[in-house]
Engineer: 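Please find one structure pasted underneath; my questions will follow.
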Amino acid sequence: MIDSARLGLPDFEPGHVWLVGAGPGEPGLLSALALHALAQADSIVYDALVDSRILRLAQPEAALDYAGKRGGRPSPSQPDISARIIRLAQARKRVLRLKGGDPFVFGRGAEEALALVAAGIPFRIVPGITAGIGGLAYAGIPVTHRDINSAVTFVTGHNSTGAVPDGLDWDAIARGAPVLVLYMALKHLPLIAARLLAGGRRPDEAAAIVSKASTPAQQVLVSSLGEIAMVSAAAETPAIVVIGEVVRLRAGLDWLGVLDGRQLDPDPLGRHNRC
């Protein structure tokens with residue numbers, strides 16, 4: 001699959017656990033280390049957001065162990081998942097813990113790694129492309145543009161209980177970075193949008209929902225902050241929500257849309273037409 005020796009990639013030792021980010025979905029976005037791990041792992045413990053095309057890259061003898069957690073559905077507890085990974089490593093398996101996006105971005109990667117530390121299990125962290133960057137790029141929406149923003153804020157739309165995080169200062173978030181990227185926010189988007197508007201964000205500010213980013217089923221809904229909650233009913237999970245004027249750049253950067261015949265606007269912000 002890849003020339004591991006030429007790249008100088010580390011051996012995947014028996015009894016070790018690799019916590020690997022699978023990216024937003026597109027298999028081509030996997031890192032060389034992720035592909036290396038898939039080719040060697042004895043047991044793959046994977047999340048619900050891992051694309052099935054990625055699992056097909058595993059070696060034929062690998063055991064696939066589903067450990068998905070989806071809101072509102074029966075799911076294994078985090079302690080159970082960590083214990084399962086530890087047992088497999090103690091049985092001298094090469095354990096690949098495969099997580100959607102990046103293990104350390106609104107995931108449980110840090111919790112699982114600390115459980116491995118407590119159990120004395122050696123591990124490696126393999127970062128992945130998080131949906132809030134890679135998924136938006138596939139929608140033609142950059143998270144930064146030097147004429148629009150010098151900062152971006154990443155926010156989770158729910159806490160460990162599934163509710164909107166109550167420890168966040170939503171007024172400060174609203175006044176902060178020009179671009180906000182919301183993970184796992186679709187269910188609570190009406191409430192979150194209302195809090196951001198109450199905190200001073202403009203209702204006509206550009207906003208978008210990117211569902212199933214980078215996959216063949218990708219869907220992009222463009223609206224405004226004031227109306228994004230109304231269009232959210234048409235969006236499917238998993239989804240990323242982005243708020244900020246960078247969304248307007250999609251009119252000129254929707255490179256996937258070009259494949260379907262879309263014409264791009266070389267001046268999506270209309271700046272060349274201003275007097």
Side-chain angles (χ1 to χ4, degrees), residues 23-26 29 101-102 105-106 128-157 168-186 188-190 192-215 218-232 234-260 262-274:
E26 165 58 49
L29 297 179
D102 182 280
V105 179
F106 298 126
I129 296 176
T130 184
I133 296 175
L136 294 186
Y138 265 65
I141 301 172
V143 291
T144 66
H145 185 283
R146 67 176 183 171
D147 293 333
I148 295 175
N149 65 311
S150 299
V152 58
T153 297
F154 294 94
V155 184
T156 178
L168 295 179
D169 186 338
W170 288 99
D171 287 348
I173 291 173
R175 294 191 305 269
V179 175
L180 306 178
V181 179
L182 310 176
Y183 288 69
M184 301 170 286
L186 207 55
H188 301 302
L189 193 52
I192 292 172
R195 289 185 176 181
L196 293 174
L197 290 168
R201 303 290 290 212
R202 301 191 332 271
D204 63 343
E205 186 174 15
I209 301 171
V210 183
S211 298
K212 300 183 179 180
S214 83
T215 73
Q218 175 174 293
Q219 175 193 40
V220 183
L221 300 174
V222 176
S223 184
S224 64
L225 177 57
E227 298 181 354
I228 194 69
M230 291 186 287
V231 305
S232 64
E236 297 183 41
T237 58
I240 288 287
V241 179
V242 55
I243 299 164
E245 294 307 295
V246 291
V247 173
R248 301 192 191 281
L249 295 172
R250 172 174 159 79
L253 299 176
D254 181 16
W255 57 277
L256 274 178
V258 171
L259 301 178
D260 294 326
R262 179 176 182 180
Q263 296 295 313
L264 297 183
D265 182 353
D267 186 23
L269 300 179
R271 298 189 174 186
H272 294 167
N273 298 322
R274 296 177 185 174

Engineer: If only atom types and distance count, is the side chain of Ser214 paired as donor or acceptor with the main-chain N or O of Glu26 below 3.5 Å?
Structural biologist: yes

Engineer: Of all the heavy-atom pairs spanning Glu205 and Arg248, show the shortest one and how long it is.
Structural biologist: C-NH2, 4.4 Å

Engineer: I would like to know whether Val210 and Leu136 meet side chain to side chain contact (heavy atoms under 4.5 Å, CB included); could you show each step before the answer?
Structural biologist: CA-CA 7 Å; Val210 183; Leu136 294 186; 3.8 Å; yes

Engineer: Does some side-chain heavy atom of Val179 sit less than 4.5 Å from a side-chain heavy atom of Thr144?
Structural biologist: no

Engineer: Quick check: closest heavy atoms across Gly25 and Thr215, and the distance to 0.1 Å?
Structural biologist: CA-CG2, 4.2 Å

Engineer: Is there a donor-acceptor contact under 3.5 Å from the side chain of Arg201 to the main chain of Pro178?
Structural biologist: yes

Engineer: Does the side chain of Pro24 reach to within under 4.5 Å of the side chain of Ile129, using non-hydrogen atoms?
Structural biologist: yes

Engineer: Answer whether the closest heavy-atom distance between the side chains of Leu182 and Ile243 falls below 4.5 Å.
Structural biologist: yes

Engineer: Mind checking the CD1-CD1 spacing from Ile192 to Ile228? Nearest 0.5 Å is all I need.
Structural biologist: 12.0 Å

Engineer: Taking the side chain as every heavy atom from C-beta outward, state whether Val155 and Trp170 have any pair of such atoms under 4.5 Å apart.
Structural biologist: yes

Engineer: Once rounded to the nearest 0.5 Å, what's the spacing between atom NE2 of His188 and atom OG1 of Thr156?
Structural biologist: 9.5 Å

Engineer: Could you give the side-chain donor-acceptor pairs of residues 193-200 under 3.5 Å, partners two or more places apart or in another chain?
Structural biologist:
none

Engineer: So does Arg202 pair up with Asp204, basic N to acidic O under 4.0 Å?
Structural biologist: yes

Engineer: Heavy atoms only: give me the nearest Ala239-Leu186 pair and the separation to one decimal.
Structural biologist: CB-CD2, 4.1 Å

Engineer: Quick one: are Tyr183 and Val241 in side-chain contact, heavy atoms under 4.5 Å?
Structural biologist: no

Engineer: Step by step, work out the side chain to side chain contact (heavy atoms under 4.5 Å, CB included) result for Thr153 and Val181.
Structural biologist: CA-CA 6 Å; Thr153 297; Val181 179; over 6 Å; no

Engineer: Quick one: pull up CG in Leu221 and OG in Ser232 and give me the separation to the nearest 0.5 Å.
Structural biologist: 9.0 Å

Engineer: When you compare the side chain of Leu249 with that of Pro268, does any pair of heavy atoms fall below 4.5 Å?
Structural biologist: yes

Engineer: Given Lys212, which of Gln219, Gln218, Glu236 fulfils the side-chain hydrogen bond (donor to acceptor under 3.5 Å, both in side chains) condition?
Structural biologist: Glu236

Engineer: Return the minimal non-hydrogen interatomic distance between Ala229 and Pro190, and the atom names on each side.
Structural biologist: CB-CA, 3.6 Å

Engineer: Within the structure provided, determine whether Ile209 and Val220 are in side-chain contact (heavy-atom separation under 4.5 Å).
Structural biologist: no

Engineer: When rounded to the nearest 0.5 angstrom, what is the spacing between CD1 in Ile240 and CZ in Phe154?
Structural biologist: 8.5 Å

Engineer: Under a 3.5 Å distance rule, please check whether Arg250 uses its side chain to pair with a backbone N or O of Ala139 as donor and acceptor.
Structural biologist: yes

Engineer: Using a 4.5 Å cut-off on heavy atoms from C-beta on, say whether the side chain of Leu253 contacts that of Leu264.
Structural biologist: no

